[in-house]
Amino acid sequence: MQVKDSIHVAFCISNSFARHTAVVIASVLESAPGEKFVFHVLSGDLQEQNKVLLSEMMSEYCSIVFHQVDRSRFDRYPTALEYFSQEIYYRFLIPELIQEKRVIYSDVDVLVYQSLRTLWEMDLNGASIAAVREFNESHEPGSKSEQGWSFYKRSIGMREESVYFYSGLLVMDCDALRRENFTARCFEDTEECVRTLNEEAFGAPDQVVINRLYEGEIVEISPAWCVTDAMKTIWKGDIAIRHFAGQYEKPWCNIIWNTSWPAYLKYLLKTPYKRESAAFIWDHLKGIVYSSHVKKGYRRGFLFGLRIWKRKS
C-alpha cells in the first residue's frame, strides 16, 4: 500500500488565538482519520505555556512546529479593522520560514469538516497559489462600498473583470513562491499600498496585496472550502470548511444571536484547553443577558440582544 505524504498546514496567530488554533487542529484531525499532518504555527508572541498545551496534541498523526516571527518587521504596517492585528501579514513569511514544497494556509476562525487531502493534491496547473473567490464579489455586488466591487477593484489597482480572492485559505506552492521572491514582493507592495491607498481600500491589507500581485494567476477553489453565514443562505452543497467570517459570527463572540459556539465547543473538548470549556459556556450564558463588543471603532452594549448604547471606542 502506498504511504501518503504528510499534509503541511500553516497558521499565523497571536498568543490570544492559541486555543482557537487547537480547536481547528482537532477538527482537521477528526475530518481525516489516519492522515498525517504537520502543523506550522507562526507567531511573534506565543507564550511557552501555550506551546506546551499545543504540543500535547502531538501524536503519530500530528506534529506541530513553532516558527518565531520578528514582530518588528511589521510595526509600521496598518491594521485598519479592530479585529485584525499584525499577524494577518505573517502569511507573507510562509515560503521563507517553512521549507516545504506545498503548504496549506488557513485562518483559525474556522472548523474543518472534510479531509484537506483534496486541497493538498489539487492540480495548480502551474500556478503558485489557489484560493476561494470572495463570496460577496459575485453575490452582493454593492456590499464592498456604495459603488460596488467593480469600483473597489479599480480603487486598489485591479482590473474590474479580475476575480478577487479571499486570503484566509491558500494552497501555496512554496517552491514556486520562493523562486518568485514572494515574501520580498509582498513587503514591497505593502509599502506601496500604505503610500497610495486610503484606509477603506486597504482594510484587508494581506488580501489586497496578494490579489494585486497575483491578479489573474490564482487558481479558484470551490466555495465549499469557505462557507460563511452569508453564504449558507444560498450554498446548497457540502461544507468542507465553515468560516466564521464576521465579528459577531465568531464562536467566541458572546452575544445572544451567535449560534456558532456549540460546534466550537465540541472540538474544544477534544483539546488540552478543555478545562476552559466551563468558563466558555458561562461567558455565552452571560452574553444572552448582557454583552458589549467593539465594531468599526465603536463599542456597543446589548441587553437580551438589543443594542442599548453605543460610544466611540
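Computation of the quantities below employed the complete heavy-atom set of this structure, encompassing side-chain atoms and omitting hydrogens, waters and symmetry-equivalent molecules.
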Check your understanding: Taking atom NE2 of His8 and atom CD of Glu100, what is their separation to the nearest 0.5 Å?
Key -> 3.5 Å
Practice item. Test side-chain contact (heavy atoms from CB on, under 4.5 Å) on Leu197 and Ser155 and set out the steps. Key: CA-CA 8 Å; Leu197 302 183; Ser155 73; over 6 Å; no
Practice item. Examine distances only and state if a side-chain atom of Ser27 and a backbone atom of Leu111 form a donor-acceptor pair shorter than 3.5 Å. Key: no
Point to revise | Lys232/Glu249 salt bridge by N-O under 4.0 Å criterion | key: no
Point to revise | Asp70/Arg73 salt bridge by N-O under 4.0 Å criterion | key: no
**Study point:** Hydrophobic cluster identity match, Phe304 and Tyr248, side-chain contacts under 4.5 Å
**Key:** no
Exercise for review: Could you go through the side-chain contact (heavy atoms from CB on, under 4.5 Å) check for Leu119 and Leu169 one step at a time?
Suggested key: CA-CA 10 Å; Leu119 297 182; Leu169 177 71; 4.0 Å; yes
Point to revise | Residues Asp206 and Ser167: side-chain donor-acceptor under 3.5 angstrom | key: yes
Review point. Quick one: does Arg242's side chain have a donor or acceptor within less than 3.5 Å of a partner on Ile239's backbone?
Key: no
Review point. Is Glu192 salt-bridged to Arg195, going by a charged N under 4.0 Å from an acidic O?
Key: yes
Study note, to complete from the structure: Nearest heavy-atom approach of Thr271 to Ala22 is CG2-O, 3.5 Å
Practice item. With the side chain counted from C-beta on, respond yes when Val209 and Phe187 share a heavy-atom pair under 4.5 Å apart, and no when they do not. Key: no
Exercise for review: Flag the pair Trp225 / Leu116 as yes when at least one side-chain heavy-atom distance between them is below 4.5 Å, and no otherwise.
Suggested key: yes
Point to revise | Polar side-chain atom of Asp229 near backbone of Phe244 as donor-acceptor pair, under 3.5 Å | key: no
Check your understanding: Does Arg71 come within less than 4.0 Å of Glu87, counting only side-chain N to carboxylate O?
Key -> yes
Review point. Are side-chain heavy atoms of Arg102 and Cys174 found at a separation under 4.5 Å?
Key: no
Practice item. Return yes if some donor-acceptor pair links the side-chain N/O of Asp107 with the main-chain N/O of Asp109 below 3.5 Å, else return no. Key: no
Point to revise | Residues, nucleotides or ligands: over 12 heavy atoms within 6.0 Å of Asn198 CG | key: yes
Check your understanding: Which distance, rounded to the nearest 0.5 Å, do you find between the CD1 of Ile255 and the CZ of Arg307?
Key -> 11.0 Å
Practice item. With rounding to the nearest 0.5 Å, note down the distance linking NE2 in His40 to SG in Cys12. Key: 11.5 Å
Point to revise | Phe66 and Leu46, any side-chain heavy atoms less than 4.5 Å apart | key: yes
Point to revise | Sub-4.5 Å side-chain heavy-atom contact between Ile129 and Ile210 | key: yes
Exercise for review: Please step through salt bridge (charged side-chain N to carboxylate O under 4.0 Å, His left out) for the pair Glu121 and Lys4, ending with a clear verdict.
Suggested key: CA-CA 11 Å; Glu121 295 182 347; Lys4 293 183 178 180; 5.7 Å; no
Point to revise | Member of Tyr214, Tyr152, Phe135 meeting the ring-ring contact (aromatic ring centres under 6.0 Å, His included) criterion with Tyr164 | key: Tyr152
Review point. Do the side chain of Arg212 and the main chain of Ile156 share a donor and acceptor less than 3.5 angstrom apart?
Key: yes
Review point. So, is the end of the Arg311 side chain (NZ or CZ) under 6.0 Å from the ring centre of Trp309 and within 45° of the ring's axis?
Key: yes
Check your understanding: Of the non-hydrogen atoms in Ala18 and Leu54, which two are nearest, and what is the gap between them?
Key -> O-CD2, 3.8 Å
Check your understanding: Are the side chain of Lys270 and the backbone N or O of Val23 linked by a donor-acceptor pair below 3.5 Å?
Key -> no
Review point. Nearest 0.5 Å, what's the SG-CD distance between Cys186 and Glu180?
Key: 10.5 Å
Exercise for review: Would you mind reporting whether Ser115 and Glu35 have side-chain heavy atoms less than 4.5 Å apart?
Suggested key: yes
Review point. Do the side chains of Ile281 and Ile256 join up, straight or via other hydrophobic residues, at under 4.5 Å, putting them in one cluster?
Key: yes
Review point. Charged N to carboxylate O under 4.0 angstrom, Asp5 versus Lys101?
Key: no
Practice item. Could you tell me whether Asp173 and Arg179 make a salt bridge, using a distance below 4.0 angstrom between a side-chain N and a carboxylate O? Key: no
Review point. When rounded to the nearest 0.5 angstrom, what is the spacing between CE in Met172 and CG in Leu177?
Key: 5.0 Å
Review point. Between Phe11 and Ser106, which heavy-atom pair has the shortest distance, and what is it?
Key: CD2-O, 3.3 Å
Practice item. Please determine, by modelled atom types, if Tyr166 and Gln207 share a side-chain donor-acceptor pair under 3.5 angstrom. Key: no
Check your understanding: Any sub-3.5 Å donor-acceptor pair from Thr21's side-chain atoms to Phe17's backbone N or O?
Key -> yes
Point to revise | Over 12 foreign heavy atoms within 6.0 Å of CD, Gln47 | key: no
**Study point:** Pair His67-Tyr90, side-chain donor/acceptor within less than 3.5 Å
**Key:** no
Review point. Are Val108 and Val38 connected in a single hydrophobic cluster, I mean Ile/Leu/Val/Met/Phe/Trp/Tyr linked by side-chain heavy atoms less than 4.5 Å apart?
Key: no
Exercise for review: Would you name the heavy atoms of Ala224 and Met231 that are closest together and state the gap between them?
Suggested key: N-CE, 4.4 Å
**Study point:** side-chain contact (heavy atoms from CB on, under 4.5 Å) between Phe302 and Ile288, worked out
**Key:** CA-CA 9 Å; Phe302 297 89; Ile288 292 174; over 6 Å; no
**Study point:** Side-chain heavy-atom pair Ile221, Val171 within 4.5 angstrom cut-off
**Key:** yes
Check your understanding: So which heavy atom on Val227 is nearest to which on Pro223, and how close?
Key -> CG2-O, 3.5 Å
Check your understanding: So how far is it from Ile7 CD1 to Thr118 OG1, rounded to the nearest 0.5 Å?
Key -> 8.5 Å
Exercise for review: Please name the pair of heavy atoms, one in Tyr290 and one in Gly301, separated by the smallest distance, quoted to 0.1 Å.
Suggested key: OH-CA, 4.3 Å
**Study point:** Sub-4.5 Å side-chain heavy-atom contact between Phe37 and Val9
**Key:** yes
Review point. Tell me, which pairs form a ring-ring contact (aromatic ring centres under 6.0 Å, His included) where one or both residues lie in residues 268-288, sequence neighbours left out?
Key: Trp261-His284, Tyr264-Phe280, Phe280-His284
Practice item. Measure from the side-chain N and O atoms of Thr183 to the backbone N and O of Phe92, and report whether any donor-acceptor pair falls under 3.5 Å. Key: yes
Check your understanding: For Lys51, does the NZ atom have more than 12 heavy-atom neighbours from other residues, nucleotides or ligands under 6.0 Å away?
Key -> yes
**Study point:** Verdict with reasoning, Arg159 to Lys153, per side-chain contact (heavy atoms from CB on, under 4.5 Å)
**Key:** CA-CA 6 Å; Arg159 297 181 296 274; Lys153 284 186 281 190; over 6 Å; no
Exercise for review: Would you kindly confirm whether Tyr61 and Ile64 end up in one hydrophobic cluster when ILVMFWY residues are joined by side chain heavy atoms under 4.5 Å apart?
Suggested key: no
Review point. Would Leu53 and Leu29 show up in the same hydrophobic cluster when neighbours are defined by side-chain heavy atoms closer than 4.5 Å?
Key: yes
Check your understanding: Should we say atom CD of Gln49 is surrounded by more than 12 heavy atoms from elsewhere, each under 6.0 Å from it?
Key -> no
